[in-house]
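Each chain gets a letter, A, B and so on, in the order its sequence line appears, and its residues count up from 1. Computed from heavy atoms alone, side chains included, the values below leave out hydrogens, waters and symmetry copies.
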Protein chains: 2
Amino acid sequence: MSDIRVLVVEDEPVASAAHAAYVGRMAGFMLAGMAPDGQSALRLLGELAAAGEPVELVLLDMNLPDLHGLDIARRMRAAGILADIIAITAVREVAIVRSAVAIGVVQYLIKPFTFATFEDKLSSYRLFRQQLASPESGAGRTGASQSDVDQAFASLRAPSELPLPKGLSVSTLDSVKEYLKQHSGSVSATEVMAALGMSRVTARRYLEYLADAGTLTRAPRYGTPGRPENEYGWKRP
Amino acid sequence: MSDIRVLVVEDEPVASAAHAAYVGRMAGFMLAGMAPDGQSALRLLGELAAAGEPVELVLLDMNLPDLHGLDIARRMRAAGILADIIAITAVREVAIVRSAVAIGVVQYLIKPFTFATFEDKLSSYRLFRQQLASPESGAGRTGASQSDVDQAFASLRAPSELPLPKGLSVSTLDSVKEYLKQHSGSVSATEVMAALGMSRVTARRYLEYLADAGTLTRAPRYGTPGRPENEYGWKRP
DNA sequence: CCTTCCATGACCAATATGAACGCAACGGTG
DNA sequence: CACCGTTGCGTTCATATTGGTCATGGAAGG
């Protein structure tokens, strides 16, 4: 699958360059263009589409000199341009966020952010694309099932980290993550228990939290008698 | 907080009535109107907005007599109507799903569905609203933080879990389904055993469950010595 | 000193496995 | 043509482990 073409819309040159550089560092994405204001963004979108290389993803700033980001989005939709939008902005008013969702913003990044945050959002977007992009070779399977769609939506909106539920502590979570980094292959709750000297219950609770948050995958390990043991591993992009 | 005003757009009277009834059964939602086609839907949206009671959520069928659902969504956006949209449709083509996401569909329900599924989707939408609606009491907190936004997006995630019979696990069932997607022709229990590394008994139990549920067909495979082997395949509708 | 929070140990429930038995079609043989 | 041994999968059952939950204990904070 070819790279996802990205358009960066941002008026401030420093931020604009930073975003472009970030895009360049991400595998699976390529920079299709940059625009400093709304008018040129819309014009670029039209030109690239006409050239047969339509933009698939727009990193859109909300505060631009000529148009508001929401206006740009509305005009895009009105013009039939269905590129996905990730909002990148310092605006944090709830009403704006709600409107952005309504108009089809798939992710919302609040400035300032680190590359890790940026990477996380774009990765989950890429995963979403992959899950819907593969009709999975199947002969007659032209469509997706409800669970397929659900899964795709889930990876689109999975947060990097939601606030810790009661009963979990930051330091323990860090220990578990640290151990996972070293054993990047696959880990079972029992292994974590033995390695970190904690109880099986605790180890399992943290692994389970990470799996629910979408950071980890969870799959049963077959082949041995007894109830299957869950095996946790980092999610592969 | 007052109820969320819902507009049902659906041409078939039976389905339309069912959706309306479903909305009535959900706490926190109220039926604002019903439309059998795209034109009346757009007109109703305008009228209700003018009357000071704007629709906040549209349950939108994709196949309508006059306009396609995506067209309606596009015109809504062009007209500045920012109601959220939940697509309710039998269309399962991946391209449609992708376009729907791009234009701001927050949930995607594939017909036919049970009330449980419906309830699940609307509940998560309601949660999403609540999380963004509450300015969180805080003194100077006029806006949302990145984690606030993440959390709200996360509620739009669809965990959609339907109960399984005792003795079966979700992840194993997913593995089997995944393998079946890749080999859409026909599969035997022994093949699944070898491919997924599980025992023959387990593989057969899951295939048997899927066959009983009506998802799979089951036919004996003759020609070789030994008791005939059951062969499973996707049911052709 | 009281409250809150987090990890623990012990319990019951869940679920894949292996072995044992039965069954249905195949391929000779009378 | 009928019969019987062979073959391999279907089916059942006990078993082995782990997952999940609950109440408890100790530590940290006010």
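- At the phosphate of C/dT15, neither OP1 nor OP2 sits under 4.0 Å from any side-chain N or O atom of B/Tyr206.
- The overall bend of the helix from C/dC1-D/dG30 to C/dG30-D/dC1, read as the angle between its terminal helix axes built from five base pairs each, is 10° when rounded to 10 degrees.
- Nearest to the side chain of A/Arg205, among C/dT17, C/dT8, C/dA16, sits C/dT8.
- For the pair A/Leu196 CG and C/dA7 C1', the computed distance is 14 Å after rounding to whole Å.
- If you measure from atom CG of B/Asp174 to atom P of C/dT15, you get 14 Å, rounded to the nearest angstrom.
- At least one side-chain nitrogen or oxygen of B/Lys166 sits closer than 4.0 Å to the OP1 or OP2 atom of C/dA14.
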Contact list (N/O, under 3.5 angstrom) for nucleotides 16-19 of chain D vs protein:
from   : atom 1 : to       : atom 2 : distance (Å)
D/dA16 : N3     : A/Gly226 : N      : 3.4
D/dT17 : O2     : A/Arg227 : N      : 2.7
D/dG19 : OP1    : A/Asn230 : N      : 3.2
D/dG19 : O4'    : A/Arg227 : NE     : 3.0
D/dG19 : O4'    : A/Arg227 : NH2    : 3.3
D/dG19 : N7     : A/Arg200 : NH1    : 3.2

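- What separates OH of B/Tyr222 from P of C/dC23 is a distance of 17 Å, to the nearest Å.
- Looking at heavy atoms from C-beta onward, B/Tyr108 lies in side-chain contact with B/Val97 at the 4.5 angstrom threshold.
- Between B/Val192 and B/Tyr232, the closest side-chain pair of non-hydrogen atoms is not below 4.5 Å.
- Inter-residue side-chain proximity for A/Glu119 and A/Phe113 is flagged as unmet; no heavy-atom pair is nearer than 4.5 Å.
- Per the geometry, OH belonging to B/Tyr209 stands 18 Å off C1' belonging to C/dA16, to the nearest Å.
- In this structure the side chain of A/Asp84 reaches within 4.5 angstrom of the side chain of B/Arg98, judged on heavy atoms.
- B/Ser169 comes within 4.0 angstrom of sugar-phosphate atoms only, judged by non-hydrogen atoms across all strands, and of no base.
- Here the side chains of B/Met198 and A/Pro228 are not in contact, with every heavy-atom distance at 4.5 Å or above.
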Inset, instruction - Determine, stepwise, if the pair B/Ser124 / B/Gln107 fulfils side chain to side chain donor-acceptor pair (under 3.5 Å). - result: CA-CA 9 Å; B/Ser124 66; B/Gln107 289 285 0; 3.3 Å; yes

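- Closest approach to the A/Thr202 side chain among D/dT11, C/dA7, D/dT21 is made by C/dA7 (side chain taken as heavy atoms from C-beta onward).
- Using a 30° and 60° split on the angle between ring planes, B/His183 and B/Tyr179 fall in the parallel class, below 30°.
- You'll find the side chain of B/Leu122 stays beyond 4.5 Å of the side chain of B/Ile4, heavy atoms only.
- Minimum heavy-atom separation, A/Thr117 to A/Leu109: CG2-CD2, 3.6 Å.
- A/Thr172 has no side-chain polar atom (N or O) that falls below the 4.0 Å cut-off from OP1 or OP2 of C/dC6.
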